[in-house]
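Heads up: the structure comes next, in structure tokens.
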Amino acid sequence: MKFGYFDDSRKEYVINTPRTPYPWINYLGNQGFFSLISNTAGGYSFYMDARLRRITRYRYNNVPLDMGGRYFYINDNGTIWNPGWSPVKTELDEYECRHGMGYTIIKGKKNGLQAEVTFFVPQNYDGEVQQVVLTNDSAEAKEFSLFSIAEWCLWDAQDDCTNFQRNFSTGRVEIEGSTIYHVTEYRDRRNHYAFYTVNDEIDGYDTDRDAFLGSIYNGWDNPETVKAGKASNSFADGWSPVASHYKKITLAPGESKTLIYILGYAENPQDKKFASEKPANLLTREAWVLNKEKAYAMIDKYNTPEKVAAGLAELKSTWDNLLSIFKVDTPDDKVNRMVNIWNQYQCMVTFNLSRSASYFESGIGRGMGFRDSNQDILGFVHQIPERARERLIDIASTQLSDGGCYHQYQPLTKKGNADIGGDFSDDPLWMILSVAAYIKETGDWSILDANVPFDDDPEGKHTMLEHLNVSFYHIVNNLGPHGLPLAMRADWNDCINLSCFSDTPGESFQTYTNPKFKAEGGYSKVAESVFVAALFTYTGPAYVGILEHLGKADEAAKAQAEIDKMKKNTMESAFDGDWFLRAYDANGEKMGSKECEEGKIFIEPQGFAVMSEIGKEEGADIKTLNSIDKYLNCEYGLVLNNPAFTKYYVQYGEISTYPGGYKENAGIFTHNNAWIICAEAYAGRGEKAFEYYSKIAPAFTEETSDIHKTEPYVYGQMIGGKDAKNFGQGKNSWLTGTAAWNMVAISQYILGVKPEFDGLRVDPSIPAAWDGFTATRQFRGDTYEITIKNPDHVNKGVKALTVDGVAVDGCIVPVCGDGKTHQVEVVLG
Ligand code: BGC
Ligand code: NOJ
């Protein structure tokens with residue numbers, strides 16, 4: 001069952017009922033100001049940091065779900081409705097929501113009155129523009145009232161939902177004309193404020209939430225003021241400040257009216273915080289006056305429909321340009337819409353937000369993840385490489401000089417989060433992968449010389465190359481009894497906590513390690529991660545390639561020897577006959593082995609082991625891939641492990657706390673499905689690669705949206721696995737490493753267009769039925785128009801490759817470097 005459809009020509013998903021199985025959201029903003037917006041206009045806004053600069057309030061885990069956002073209410077002769085249906089939920093005569101690239105258009109119609117609201121955050125602008133177009137489609141004149149509402153968050157979202165003894169007494173506002181200012185704490189230690197304005201005279205306002213609602217016992221579905229058809233002109237003093245504009249409107253038959261609302265954020269320099277004069281029309285109860293110059297300029301920027309149209313056109317052309325860097329035309333429409341539109345769009349969102357703010361991430365739990373952000377770069381780097389470079393330097397600056405990493409950092413402070421700390425064994429390796437991806441994309445080797453401090457030596461002069469070096473040797477210097485990397489607190493799988501042994505409620509699996517490991521430095525010196533071993537052998541060659549390029553042959557050989565040794569150790573101690581083990585636990589027992597009662601096979605190490613060709617000469621790769629198909633494959637994707645854990649294993653930790661089929665306990669974790677898709681493609685099994693891809697790619701789940709539940713245009717972290725009651729049900733949509741990794745899987749492994757240090761590799765691994773496909777790739781200043789022909793209907797194998805008609809050996813297109821368009825023709829066979 002579907003709840004809408006893809007409109008590829010406009011790059012939109014069109015939702016045609018407000019009753020989606022879950023709120024289906026979009027993100028507005030891609031620089032500093034961000035908003036989340038659902039198909040019924042629920043959501044919230046923040047500046048830079050969803051925890052520390054939250055602008056509007058949102059209640060997670062609320063009943064009903066998704067109550068709170070920016071709402072417009074219409075009272076048309078006693079019929080009260082919202083253009084997006086919620087919160088009042090009056091049945092609409094027509095409803096439509098179009099989620100596009102950085103904008104959302106919600107249209108509702110009731111009794112001949114149509115309201116179309118376009119929401120977007122313009123480029124280089126710290127505010128959300130909301131253009132409301134009201135049209136009287138009836139034969140009679142209409143007189144009605146329109147109310148807007150936004151509820152302010154008191155800046156720190158964590159404090160806002162916990163510290164009521166203080167924050168119920170801090171709220172402050174100023175009102176000037178049609179603009180309501182949120183100046184809570186501004187006088188004291190803050191230099192930022194927010195405002196909500198409309199480009200027309202208003203007939204009233206409310207700034208006190210309870211006055212707007214009319215009673216503390218009313219919800220958003222039942223505001224007294226809207227029912228009364230009249231604002232109460234309340235002035236907030238503490239409690240919960242809001243911003244609501246009230247407007248009386250008369251429309252002749254066929255007549256339209258456009259109103260532009262702006263929800264903005266601005267910061268003032270310390271010495272320019274206050275205005276010297278108090279305008280006559282200013283409503284305030286303070287002796288001081290906010291300096292509003294920045295707000296005035298922002299309001300002026302989008303106060304006419306022409307300016308709004310220009311801002312929207314600029315946003316659209318920004319996205320058209322971003323999406324023209326890599327475009328494909330394959331025989332499969334769903335692949336095309338994922339690659340050309342939605343997967344790339346999601347990669348931008350995950351790059352911007354890491355795992356901080358979604359409908360499953362509260363914005364206060366996590367900042368930017370070290371491993372997460374490094375992986376996000378893999379799917380984003382071709383879009384805006386300069387931003388990737390900046391991000392890499394920010395992330396690397398939170399690393400410690402021994403190669404260890406803070407697991408998370410706050411985007412606003414760019415400082416590692418001390419409460420979660422470090423010692424996640426995989427973290428450093430992702431840095432090698434992402435820096436290499438940046439160089440492969442751009443050819444900008446200078447990043448290696450960039451001055452990047454260590455967190456524990458902020459003033460020291462260090463280079464990015466040093467960061468890669470300590471990352472690589474952090475693994476080499478922390479091996480366990482089998483010569484495999486120590487698992488430490490956790491590896492990629494945060495829920496395999498081999499040093500935790502937690503039996504006390506409330507202990508955080510992510511931060512707690514058992515005191516019995518204290519003397520050993522905090523974690524077991526026995527527990528080893530086969531996943532990190534495989535990730536090391538997969539990423540290590542990039543480090544070696546970098547050293548070779550720099551002419552550091554000795555260092556390169558030394559690093560290569562470590563990789564070879566790791567492969568050997570893995571094959572000797574961690575190949576279980578038909579697949580690779582997952583780990584050795586702190587008791588030295590095998591995890592993820594045939595010998596185990598449950599959790600015999602895990603997905604995580606397998607893909608990287610196959611792509612590192614560990615034991616390939618003995619057929620380990622194909623045996624492993626076949627085992628995955630046999631034990632992990634099911635209707636909706638590949639489960640993480642099998643059989644699911646049915647008991648609590650104190651030596652494994654969080655993974656065994658989930659009911660079977662959910663999350664890391666045998667859920668379909670789409671992120672690491674991508675690693676298997678890559679591995680299948682790498683091994684030349686294009687059929688399997690495509691089968692796995694099409695099981696999880698959102699456009700393919702659209703038809704079963706009632707089962708899948710979350711948005712059919714973006715990946716979620718997880719789909720209920722075969723052991724789950726809710727088999728096939730998506731969760732945790734939007735912010736997941738799946739976005740980047742599936743972009744890599746489809747573009748670099750299946751379609752096979754892959755940047756390398758010395759050129760663009762073109763080596764597809766596709767379904768044999770395909771006659772071929774075409775792709776356009778901008779790469780290091782040139783444009784490559786690539787045509788793949790598959791006359792013999794094979795999965796993989798480049799028989800001939802020409803660039804502008806000239807034959808090239810192998811499958812790497814050399815960098816032409818003349819800024820021109822080049823024709824690449826590849827014949828498979
Ligand atoms: C979740 C993981 C997540 C981690 C970090 C765990 O409980 O299952 O998916 O990465 O928490 O907060
Ligand atoms: C989600 C986290 O963001 C990521 O860092 C982790 O690798 C996976 N969950 C698996 O636990």
Side-chain angles (χ1 to χ4, degrees), residues 51 346 349-351 353-358 360-379 395 405-409 417 419-431 433-434 487-498 500 502 505-512 529 531-532 534-535 582-583 599 602-605 607-608 638-641 644-645 652-675 715-721 724 730-742:
R51 172 168 178 173
Q346 189 180 1
V349 173
T350 52
F351 172 82
L353 298 173
S354 191
R355 309 294 168 266
S356 67
S358 73
F360 299 88
E361 298 282 5
S362 64
I364 58 185
R366 297 198 268 171
M368 312 292 282
F370 192 97
R371 77 159 80 92
D372 298 325
S373 293
N374 275 308
Q375 290 174 80
D376 292 342
I377 283 173
L378 307 178
I395 306 173
C405 310
Y406 273 105
H407 197 48
Q408 291 164 9
Y409 71 97
N417 290 347
D419 47 349
I420 175 137
D423 290 337
F424 289 77
S425 50
D426 60 320
D427 273 340
L429 288 174
W430 302 110
M431 175 110 237
L433 203 57
S434 61
M488 304 187 175
R489 257 153 70 176
D491 61 26
W492 174 89
N493 191 330
D494 284 325
C495 301
I496 298 181
N497 319 110
L498 302 180
C500 205
S502 175
E507 279 164 359
S508 152
F509 287 107
Q510 261 83 64
T511 55
Y512 176 77
S529 166
F531 168 77
V532 178
L535 186 64
R582 180 63 180 83
F602 280 74
I603 200 168
E604 298 107 318
F608 292 123
L638 304 170
V639 298
L640 190 144
N641 55 304
F645 295 113
Y652 296 164
E654 182 171 354
I655 187 165
S656 58
T657 64
Y658 291 107
Y662 298 108
K663 294 282 287 178
E664 284 85 344
N665 186 15
I668 296 164
F669 233 79
T670 43
H671 184 149
N672 45 38
N673 277 228
W675 300 336
Y715 287 97
Q717 181 202 57
M718 201 251 323
I719 299 171
K731 264 190 202 147
N732 306 5
S733 55
W734 280 97
L735 301 185
T736 160
T738 311
W741 270 106
N742 269 291

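Just so you know, ligand 1 is whichever comes first in the structure, and atom 1 is the first atom listed for that ligand.
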Give the residue and atom name of whichever protein heavy atom lies nearest to atom 11 (O) of ligand 2, and the separation in Å to one decimal. E664 OE2, 2.5 Å
Just heavy atoms, cut-off under 4.0 Å: does Q510 contact ligand 1 by side chain, backbone, both, or neither? side chain
Heavy-atom contacts with C495 under 4.0 Å: which atoms of ligand 1 show up? List them by number with element. 1 (C), 6 (C), 8 (O)
Output the list of atoms in ligand 1 that are nearer than 4.0 Å to some heavy atom of R366, sorted by atom number. 5 (C), 10 (O), 12 (O)
State whether a side-chain donor-acceptor pair under 3.5 Å links H407 with N417. no
Nearest neighbour in protein (non-hydrogen) for atom 10 (O) of ligand 1: D494 OD2, 2.6 Å
Closest approach of any protein heavy atom to atom 2 (C) of ligand 1, naming residue and atom: E664 OE2, 3.3 Å
Quick one: look up the protein heavy atom nearest atom 7 (O) of ligand 2 and list residue, atom name and how far away it is. W492 O, 2.5 Å
Protein heavy atom at shortest distance from atom 9 (N) of ligand 2: Q717 NE2, 3.5 Å
Decide side chain to side chain donor-acceptor pair (under 3.5 Å) for S502 and E507; before the verdict, give the C-alpha distance in whole Å, the side-chain angles of both, and the deciding distance to 0.1 Å. CA-CA 7 Å; S502 175; E507 279 164 359; 2.5 Å; yes
For Q717, the ligand 1 atoms whose distance to one of its heavy atoms is below 4.0 Å: 9 (O)
Ring centres under 6.0 angstrom apart (W492, F669): yes
Using heavy atoms and a threshold below 4.0 Å, how should the contact between D372 and ligand 2 be classified: side chain, backbone, both, or neither? side chain
Give me the residue, atom name and distance of the protein heavy atom closest to atom 6 (C) of ligand 1. E654 OE2, 3.5 Å
For a quick test of reading the model, state the closest non-hydrogen atom pair linking Q717 to T738 and the distance between them. CA-OG1, 4.3 Å
Using a 4.0 Å cutoff against the non-hydrogen atoms of K663, which atoms of ligand 1 qualify? 1 (C), 2 (C), 8 (O), 9 (O)
Hey, looking at atom 2 (C) of ligand 2, which of R366, H671, R355, E361 has the closest heavy atom? R366
Angle class for the W675/F531 ring planes (parallel below 30°, perpendicular above 60°, tilted otherwise)? parallel
Note: N665 and F645 closest approach over all heavy atoms is OD1-N, 2.9 Å
Does even one non-hydrogen atom of Y658 get within less than 4.0 Å of ligand 1? yes
Report yes or no: does a heavy atom of M718 sit under 4.0 Å from some atom of ligand 1? no
For G365 and Q408 the tightest heavy-atom approach is O-OE1, 4.3 Å
Hey, is D376 close enough to R355 for a salt bridge, meaning N to O under 4.0 Å? yes
Show the nearest heavy-atom pair for residues S354 and S373, with the distance to one decimal. OG-OG, 3.5 Å
Establish, from distance only, whether the side-chain atoms of W734 and Q346 form a donor-acceptor pair under 3.5 Å. no
